[in-house]
Amino acid sequence: MDEDVLSDVEGDEEVQQEGLGEEEAQACSLTQETITQGLSLLCRTGNGLGHAFVKLDLKDKRLNDIAAISSYIHLRFLDVSKNRLTDLSPLASLTQLLWLKVDNNAVACFKGQPFAQLTYLQWLSMAVNKLTELGGLVGPALESLNLTGNSIQKLTGLQSACFANLVTLELRGNQLDTTDGINLPNLRQLYLAQNVIKRLEGLGRLERLTTLHLRDNQLDSLNGLSPNMKCLQYLNVRGNVILDENALQSLGLVSKSLRALILSENPLVETTDYRMWVLILLPKLERIDKDPVSPEERTEAWERIKERKEEEIPEP
């Protein structure tokens, strides 16, 4: 397995909020001079007969208006993060965009925004904005979507018809109380840390999911895991409120594929034998929390499994 997928470094799930101090200069509109300074990466245009700059960096320019960008139709990579934008509609003419970063702005909703026109967009990050819901967002070519650090309470509109190619979805640091609403059979990685999730629902639709990150939520049970999740390899439920082994019974439904389970900072781990109990339930695990499963642990787990099976055999 990919070591990056297995990582659980302290602090790597913290949502970074960057506020604007009162002492900062007033916001301003985008000018041609600012655009010229930020352009780079000269490439051939679509017809192959001309050249144009396709990358534009407008990060941290105090912008509240980017109307001047609309004529730069050959742009493929655009960074407008750390500004004061509420309206992205000038991007509608940038139909060649592949990559768009809008982190740390003030966009409050997707309705009226240009995403229906950005049919080639593959990577979108709108972390730390003011989004409350997803209505109006479409992304037929999107492969990665980052909505970390917003105020989203419900997941609506995440249907495979609108996001057929989406493989990575980040919703860390929002206000979700359930996993329901994600109908994306092709999704591979789902990051939901730092929400207020109390229920696992609708996960049976995520048949190709390999990574599920639920750190720092309010789960007291893993009921809701589904046998349809036949590809799940990594599950992180660190920092929840799981009290005992009975709350983990549903892990048996994903025992054939699961290879790493992060349970630290749950009340359960105060017991001395939770690792062995988990291994009996999931004998193919390679790692529990930060420590790999030792050969001795695995041998003992198999012996206990064998003993249990023998006890279940009725006497003749």
For the residue pair Asn236 and Arg215, confirm or rule out a side-chain donor-acceptor distance under 3.5 Å.
no

What are the two closest non-hydrogen atoms of Pro283 and Arg298, and how far apart are they?
O-NH1, 2.7 Å

Ile66 and its side-chain contact (heavy atoms from CB on, under 4.5 Å) partner, picked from Thr34, Leu91, Asp87, Ile35:
Leu91

Between Asn105 and Arg84, what is the shortest heavy-atom contact and its length?
OD1-N, 3.2 Å

Could you please spell out the steps behind the salt bridge (Lys or Arg N to Asp or Glu O under 4.0 Å) verdict for Arg275 and Glu297?
CA-CA 9 Å; Arg275 284 179 63 91; Glu297 285 180 309; 2.9 Å; yes

Side chains of Leu56 and Ile69: closer than 4.5 Å at any heavy-atom pair?
yes

Between Tyr274 and Asp289, do the side chains contain a donor N or O and an acceptor N or O under 3.5 Å apart?
yes

Please determine if Arg205 and Asp180 form a salt bridge, counting it only when a charged side-chain N lies under 4.0 Å from a carboxylate O.
yes

Pairing donors with acceptors under 3.5 angstrom, does anything connect the side chains of Ser125 and Asp103?
yes

Only one of Leu176, Asn240, Val237 forms a side-chain contact (heavy atoms from CB on, under 4.5 Å) with Asn217, so which one is it?
Asn240

Looking only at non-hydrogen atoms, find the nearest pair between Leu88 and Met126 and report the distance.
CD1-CE, 4.0 Å

Which residues end up grouped with Trp99 if you chain together Ile, Leu, Val, Met, Phe, Trp and Tyr wherever their side-chain heavy atoms are less than 4.5 Å apart?
Leu41, Val54, Phe77, Leu98, Tyr120, Trp123

Any side-chain to backbone donor/acceptor pair from Asn195 onto Leu171? Under 3.5 Å, distance only.
yes

So, for Thr271 and Glu245, which heavy atoms are closest and what is the spacing to 0.1 Å?
OG1-OE2, 4.4 Å

Supply the atom-to-atom distance Gln249 CD to Leu222 CG, rounded to the nearest 0.5 angstrom.
10.5 Å

Search all heavy atoms of Leu58 against all heavy atoms of Leu78 and return the closest pair with its distance.
CD1-CD1, 4.3 Å

One should read off an interatomic distance between Leu184 CG and Gln159 CD, to the nearest 0.5 angstrom, of 7.5 Å

I need the Leu281 CG to Leu248 CG distance, nearest 0.5 Å.
7.5 Å

Are Ser257 and Gln233 close enough that a side-chain donor and a side-chain acceptor fall under 3.5 Å?
no

Go through the structure and list residues passing salt bridge (charged side-chain N to carboxylate O under 4.0 Å, His left out) with Glu300, not counting sequence neighbours.
Arg304

Thinking salt bridges, do Glu207 and Lys230 make one under a 4.0 Å N-O criterion?
no

Would you compute the distance between atom CG of Leu251 and atom CG of Asn223 and round it to the nearest 0.5 angstrom?
10.0 Å

Output for pair (Gln189 CD, Leu209 CG), nearest 0.5 Å, gives 7.5 Å

Between Ser81 and Asn104, do the side chains contain an N or O donor and an N or O acceptor separated by less than 3.5 Å?
no

Can you tell me how far apart CG (Leu94) and CD (Gln96) are? Round to the nearest 0.5 Å.
9.5 Å

Taking all atoms of both residues into account, what is the closest heavy-atom pair of Ser250 and Gly224, and its distance?
OG-N, 4.2 Å

Exceeds 12 heavy-atom contacts within 6.0 angstrom, atom CD of Gln32
yes

